[in-house]
J.: 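Once you've had a glance at the structure underneath, I'll fire off some questions.
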Amino acid sequence: MTVTVRLFAVLRDLAQTDSQVLDVPNGSTVGAAAAILAERHPALGAWMGRVVYAVNLEYVLAGRVLVDGDELALIPPVSGG
Amino acid sequence: MTVTVRLFAVLRDLAQTDSQVLDVPNGSTVGAAAAILAERHPALGAWMGRVVYAVNLEYVLAGRVLVDGDELALIPPVSGG
Amino acid sequence: MGAAISTGLFSNALDIAALTARLSDPRAGGILTFAGTTRAETHPAGQTLLALDYEAYADMAARQLEDLAESAAGKWGALAVVVHHRLGRVEVGEPSVFIGVATAHRAAAFEAGRFLIDTLKASAAIWKKEVWADGAATWVHPVSGLDVQKSGEA
Amino acid sequence: MGAAISTGLFSNALDIAALTARLSDPRAGGILTFAGTTRAETHPAGQTLLALDYEAYADMAARQLEDLAESAAGKWGALAVVVHHRLGRVEVGEPSVFIGVATAHRAAAFEAGRFLIDTLKASAAIWKKEVWADGAATWVHPVSGLDVQKSGEA
């Protein structure tokens, strides 16, 4: 199945992309998909311990199971305001 | 000696004056001056337990000793804001 | 560098936008404002509140508002402080008091703002009279915090 | 009667006066506003801060700001709530965020206001980049509350 991954701020700069479609095995968790992404973009590695996740615009934990077509966002520490 | 007494809000309405010069014995306290005032204006009686005092624009306690020419204000519960 | 302070009692309407603009400062990270407004009320007997009518012991209250602003500047390092209070008739929906503070960080802005309005309400020599639709007018002389709430304060 | 709510992310300058005017309500006794502004900074290495550059996960942040405003309306009975955030470049002295709330009593206004700005800063999917006079630009990704203070937040 495929999920769309969104990257922001320092993550987008490091990966040199703000969005990409990722092939992941059916039933993958958010954490597993993030690991596949990190393999493809080694530059993200140092940040993977500091991101949280959102699926379809809502914060989720790493154990959340993805379904085909989900939008998965990696959210580095926020600094709005 | 004389002090000028200032009255506000409900006290002014009851006494039908906002200011008056009061003769008090030398060395009178604020509390003693207020008692003289209350004798002259019985309508203020019910309020005398609820006022606080200011002398020359600063809050003081009833024991404060007045000097000739002081401005003594009776301050009913405030409701600004 | 000292704080920019503006305080006073005014018979004309408070210009919230102009007062807020006075709080701009390049050193500021947060600007907090609070306006107390005359709230529509219905008297237990069914009357509607038309307005509040404010009076002050003007010389004393003016000095108190200035002291308040200076305290906020000193205690919270405020860069700019505004404390303006209306006198006379304030219609429903109109502001009777405006406080504003600019600080480097937001926690100080909230604390200083709360201090300014709470202390003003508790101690400034200012009184309001409720003016009702039937022409009745009653002074508000609260007995306690609870009575303050009941008698129509913000 | 429901609360009047206005939220969103905007590329144009925030019009503080117009946003404050939206909070007027005859049922209100208090109107609180807070604006977070870009604070003049000097980098430890001596550079001067020119501006902050904001980006957001726009679809998510827009929904979060709306949820925040609805929470404040529900929890504190706010009559009107505004939560607007800038995107793009915000020069020193300019506001990047504006929150405002109208309530019947002042304690609720302060509590709801603090909730809005604190929760927005802690959770909204928005990021800022510091843009320095020498052209350097660094993302702000705070490690903790302490780091947030050090990295230039209000």
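Just the heavy atoms: all of them, side chains too, but no hydrogens, waters or symmetry mates, feed the values below. Letters A, B, ... are given to chains in the order of the sequence lines, protein chains preceding strands, and every chain is numbered from 1.
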J.: With a 4.5 Å cut-off on heavy-atom pairs, point out which of C:Pro26, C:Gly113, C:Gly100 contacts chain D the most.
T.: C:Pro26
J.: Using the side chain to side chain contact (heavy atoms under 4.5 Å, CB included) rule, pick out the option among C:Thr20, C:Ile16, C:Thr33 that qualifies with D:Thr20.
T.: C:Ile16
J.: D:Leu32 and side chain to side chain contact (heavy atoms under 4.5 Å, CB included): which single residue from C:Leu32, C:Ile99, C:Ile117 fits?
T.: C:Leu32
J.: If I compare all heavy atoms of C:Ala104 with all of D:Arg39, which pair ends up nearest, and what's the gap?
T.: O-NH1, 2.6 Å
J.: For chain D, which of C:Ala40, C:Ser96, C:Pro95 has the most heavy-atom pairs under 4.5 Å?
T.: C:Ala40
J.: If you count heavy-atom pairs within less than 4.5 Å of chain C, which of D:Thr103, D:Ile31, D:Leu23 leads?
T.: D:Ile31
J.: What pair of heavy atoms forms the shortest contact from D:Ala109 to C:Phe34, and how long is it?
T.: CB-CE1, 4.1 Å
J.: Please confirm whether the backbone N or O of D:Gly36 pairs with a side-chain atom of C:Arg106, one donor and one acceptor, at under 3.5 Å?
T.: no
